[in-house]
Amino acid sequence: MEKIKLVVEGKELEVPKGTTLGEVFKELGIKDAVGALLEGELVDLQTPLRRGGKVKPLFRGDEEALPIMRHSLAHVMAQALKELYGPAKVRLGVGPDTEEGFFYDVEVEGRTITEEELKKIEEKMREIVKRDYPIVRKELTREEAKELFKKLGERYKLELIDEIPEGEPVSVYEQGGFVDLCKGPHLPSTGKAGAFKLTAVSGAYWKGDASGPQLTRIYGMAYWDEEKLNERLKFYEEVKRRDHRRLGKELEFFTIENEVGPGLVLWLPRGALYRKVLEDYLREEHLKRGYQLAYTPHVGRAELWKRSGHLEHYKENMFPPMQLDEEEYYVKPMNCPFHITIYKTRPRSYRELPFKLFELGTVYRYELSGVLHGLLRVRGFTQDDAHIVCTPEQVNDVIRETLEFALQVLRDFGFEEFKLYLSTRPEDAIGSDEQWELSQKALEEAVKASGYEYEVDEGGGAFYGPKIDVKVKDAIGRLWQLSTIQFDFNLPERFDMTYVGPDNKLHRPYMIHRALLGSIERFTGILLEHHAGLLPFWLSPTQVAVLPVADRHHDYARRLAELLTAEGFRAEADLSGERLGAKIRKAELTKVPVVLVVGDREQESGTVSVRTKKEGSLGSMSLEELIKYLNELQRSRR
RNA sequence: GCCGGCGUAGCUCAGUCGGUAGAGCGCGGGCUUCGUAAGCCUGAGGUCGCGGGUUCAAGUCCCGCCGCCGGCUCCA
């Protein structure tokens, strides 16, 4: 009998090949293990060992064992469904563990599962957990397995069996009479499961194929203990609380109306004021860095989009054409062809490179109706778009400067944590080796110089060039992709872009697309969620609310608001007849960062009583102190 | 686009078994002049998403469409 060597908790031992870890642990007196890491790979206790190595037993509560437990819960759920709806009526698809729990794709004959039923299913699951069925692994031959699942009417499982590579064992796990095709790993018994909750149902295509059958996906969340589960559930409540669609309504920032069209955003006055501040800032920052501004139309001739290649590669994302004077026109999905046309209005010398053109360009893209989502996924949006045309020699500096610019802008909006992604040459790429090498090197150097964590997505670039993506981490730990810096070797060719070099000859320039915030709409959604609606002082539509205590203080309040407006702040006096408490409540709910209360005391002494949304009451200040304080808030962008 | 859920006043929502539409907030008017998160009274406001059907009668039941929400798929 072949032997294999194991090292368990420092102890070395030899066992016959095919022994299970369950047997090994029993021998060693290791109790209550739910799984193990064998050379770093997650394994269960019931699978015969085929190789030796270092073994780390895992117990309930171990982070590393979560996938085992979640996967087993998926089986428990499948069993619960079979018990509830009848074994012959329930056909199983796949049921893996996920980041937070598990799901199972199922088909229940003659009915659809609704959210209301989740409780019932959950109860049945708890029952099965309580019954503490041992989970037994069996290896079958392909034929045996096929016969078994044919008998069970599990046609999806039959398909899966066919996909198991030759030479790999076909295994099933059985618990309390319920058998499922599965390669594991699984808990020793159902009773070892942790805390869980079924959270949602949705449709999911079998094998992700939209033309194939659609199954019902039932989601569950699972952690070892109730506390952690509740913490995660709370997190989702927090996500809900920060939902920009709710905040956007409350703060009167934007609306999306059926009558106007799905995915088309109307900016309300308060949102428009915020957006004006943001746009002014962007234009300023671009001008400071040598960008030039442009405005381009919303539509262009089909000819243009043909030349750019959009009609060839991007048509399904474009609004359908419109006919005008015998010509077809398309609404623009991107700004590049216009910017390139601007570049080409006259011959360009190497002396004016890098040529950097910036536009807050509004583009329209056809998005499937099902993916539209508040401001985060829309059909019409404004990009903070720029195209940089430069010589090969300038590529390094340009990229480094652009990445620094992007990060500085994101920091100004209150983001502090970034993760960079470098995507390199894919299989079917255009462009020369030289172009790819030069570009990728520039991107990599810039990413390294930034000092932030980065990942390389080998082969993940577009066919026309490599890129850097910047993701930000928001206040509750979610990652959002914002900035993109993308080389394009395609359009300079298609549009025959050139510049005259020092040698008096024509050369092909490098071109880079880049957006810092991406889309103003999407960015606003993310920003609102990041700050939970409480925008930094410099971005708030109303920065200061002046609240008179009684009617006799109205004049003083009005004069104060005028004074602050003259100082460049966005200030409003609340002259409604409400009581102070109600006015404060209103200011709080609309998330005005600074509130000034003025009554007899303040009016007499020419002061204000300051209350901020973030820090509460700051006591009274003279007007000089107040303006100094506000200027500091403005300057620090806090 | 697909699956499931949902659509009632500006907003959040209630509306039983099919019997003719309601609350709170907000908005208008009046009173109150008030010191750090809701003062009191009063009024206006609805083609119950749209269209069709069943019925003596439809917010309620059925069908189609539109939109929203959660996913799936898509995102050169």
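Every chain is numbered from 1, with letters handed out A, B, ... down the list of sequences. In this text the structure is predicted, and so the values were computed from the model without any measurement.
- In this structure, A:K249 reaches the sugar-phosphate backbone alone: every heavy-atom distance under 4.0 Å involves primed, P, OP1 or OP2 atoms, never a base.
- Residue A:L368 contributes atom CG, which lies 14 Å from atom P of B:C66 at whole-angstrom precision.
- A donor-acceptor contact under 3.5 angstrom links the side-chain atoms of A:E602 to the base of B:G35.
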List the atom pairs, donor and acceptor, that lie under 3.5 Å between side-chain atoms in residues 420-429 of chain A and the rest of the protein, sequence neighbours left out.
from   : atom 1 : to     : atom 2 : distance (Å)
A:T424 : OG1    : A:E458 : OE1    : 3.0
A:T424 : OG1    : A:G459 : N      : 2.8
A:R425 : NH1    : A:D433 : OD1    : 2.9
A:R425 : NH2    : A:D433 : OD1    : 3.3

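- Here A:R232 contributes atom CZ and A:K197 contributes atom NZ; the two are 15.0 Å apart, rounded to the nearest 0.5 Å.
- Using a 4.0 Å heavy-atom cutoff across all strands shown, A:S617 reaches no nucleic acid atom at all.
- On the C1' atoms, B:G59 is 29 Å away from B:C2, given to the nearest whole Å.
- Separating the CD atom of A:E588 from the P atom of B:C25 is a distance of 20 Å, rounded to the nearest angstrom.
- Checking the phosphate oxygens (OP1, OP2) of B:G1, a side-chain nitrogen or oxygen of A:S369 falls inside 4.0 Å.
- A:D384 places no side-chain N or O within donor-acceptor distance of the main-chain N or O of A:E359, the cut-off being under 3.5 Å.
- Whole-Å rounding puts the A:K583 NZ to B:G35 P distance at 11 Å.
- Rounded to the nearest Å, the gap between the P atom of B:U55 and that of B:C25 is 44 Å.
- Within the model, atoms CZ of A:F254 and CZ of A:R245 stand 8.5 Å from one another, a figure rounded to the nearest 0.5 Å.
- Taking a pair as Watson-Crick or G-U wobble with both distances under 3.5 Å, the runs of three or more consecutive pairs in RNA chain B are B:1-7 with B:66-72, B:10-13 with B:22-25, B:27-31 with B:39-43, B:49-53 with B:61-65.
- The gap from the P atom of B:C13 to that of B:C6 amounts to 14 Å, rounded to the nearest Å.
- Which of B:A76, B:C72, B:C34 sits closest to the side chain of A:M334 comes down to B:A76.
- Of the candidate nucleotides B:U33, B:U36, B:G1, B:U33 has the atom nearest to the side chain of A:R552.
- Within the nucleic acid shown, A:V595 has no heavy atom closer than 4.0 Å to any nucleic acid atom.
- Of the candidates B:C72, B:U36, B:C68, B:U36 carries the atom nearest the A:I584 side chain, counting heavy atoms from C-beta on.
- Nucleotides B:U47 and B:A58, compared at atom C1', are 14 Å apart to the nearest Å.
- Atom CZ of A:R377 is separated from atom C1' of B:G70 by 15 Å (rounded to the nearest Å).
- For A:H313 and A:F463, the gap between ring centers is short of 6.0 Å.
- One can place CG of A:L589 at 18 Å from P of B:C11, the figure rounded to the nearest angstrom.
- Comparing B:G70, B:U33, B:G35 against the side chain of A:R245 picks out B:G70 as the nearest.
- Interatomic distance, CG of A:L268 versus OH of A:Y274, reported as 13.5 Å (0.5 Å rounding).
- The distance from atom OH of A:Y219 to atom P of B:C3 is 16 Å, rounded to the nearest whole Å.
- The listed nucleotides are B:G67, B:G39, B:U36; the one nearest the side chain of A:P262 is B:G67.
- Computed from coordinates, the A:E237 CD to B:G70 P distance equals 16 Å when rounded to whole Å.
- Taking CD1 of A:I340 as the reference point, atom CZ of A:F495 lies at 5.0 Å (rounded to 0.5 Å).
- The phosphate of B:G35 (OP1 or OP2) has no side-chain N or O of A:H553 nearer than 4.0 angstrom.
- Among the nucleotides B:G71, B:A76, B:A37, the one closest to the side chain of A:F463 is B:A76.
- Closest to the side chain of A:R601, from the set B:G35, B:G39, B:A37, is B:G35.
- Each of A:N258 and A:G370 lies near RNA chain B, and the nucleotide nearest A:G370 is the one positioned closer to the 5' end.
- By the ring pair (Phe, Tyr, Trp, His ring centres under 6.0 Å) test, A:F338 is found to be paired with A:W305, residues two or more places apart in sequence or in another chain being considered.
- B:G7 and B:G49 have their P atoms separated by 8 Å, given to the nearest Å.
- When the C1' atom is compared between B:C75 and B:C17, the two are found 50 Å apart, to the nearest whole Å.
- The A:H310 side chain lies nearest to B:A76 when the options are B:U73, B:C68, B:A76.
- Rounded to whole Å, the separation between the P atoms of B:G19 and B:A57 comes to 14 Å.
- No engagement by A:K315 is indicated, since no non-hydrogen atom pair under 4.0 Å with the nucleic acid exists.
- In summary, of the residues considered (A:R379, A:R365, A:R275), a salt bridge (charged side-chain N to carboxylate O under 4.0 Å, His left out) with A:E521 occurs for A:R275 alone.
- Closest to the side chain of A:L580, from the set B:C74, B:U36, B:G39, is B:U36.
- Residue A:R579 is classed as a base contact, given a heavy-atom separation below 4.0 Å to a base.
- Comparing A:Y314 and A:G261, the nucleotide of RNA chain B nearest to each residue sits closer to the 5' end for A:G261.
- Taking the six-membered ring for Trp, A:F103 and A:Y219 have ring centres closer than 6.0 Å.
- Straight-line distance between the C1' atoms of B:C72 and B:G10: roughly 34 Å, to the nearest whole Å.
- Atom P of nucleotide B:G39 and atom CG of A:D551 are separated by 15 Å, given to the nearest angstrom.
- Checked options A:R155, A:K89, A:R217; the residue passing with A:E107 is A:R155 (criterion: salt bridge (charged side-chain N to carboxylate O under 4.0 Å, His left out)).
- Residue-level contact check: A:G616 touches neither bases nor backbone, having no heavy atom under 4.0 Å from any strand.
- Among the heavy atoms of the strands, none lies under 4.0 Å from A:L215.
- Within the 4.0 angstrom heavy-atom criterion, no nucleotide atom of any strand lies near A:A462.
- Among the nucleotides B:G70, B:A76, B:G35, the one closest to the side chain of A:D600 is B:G35.
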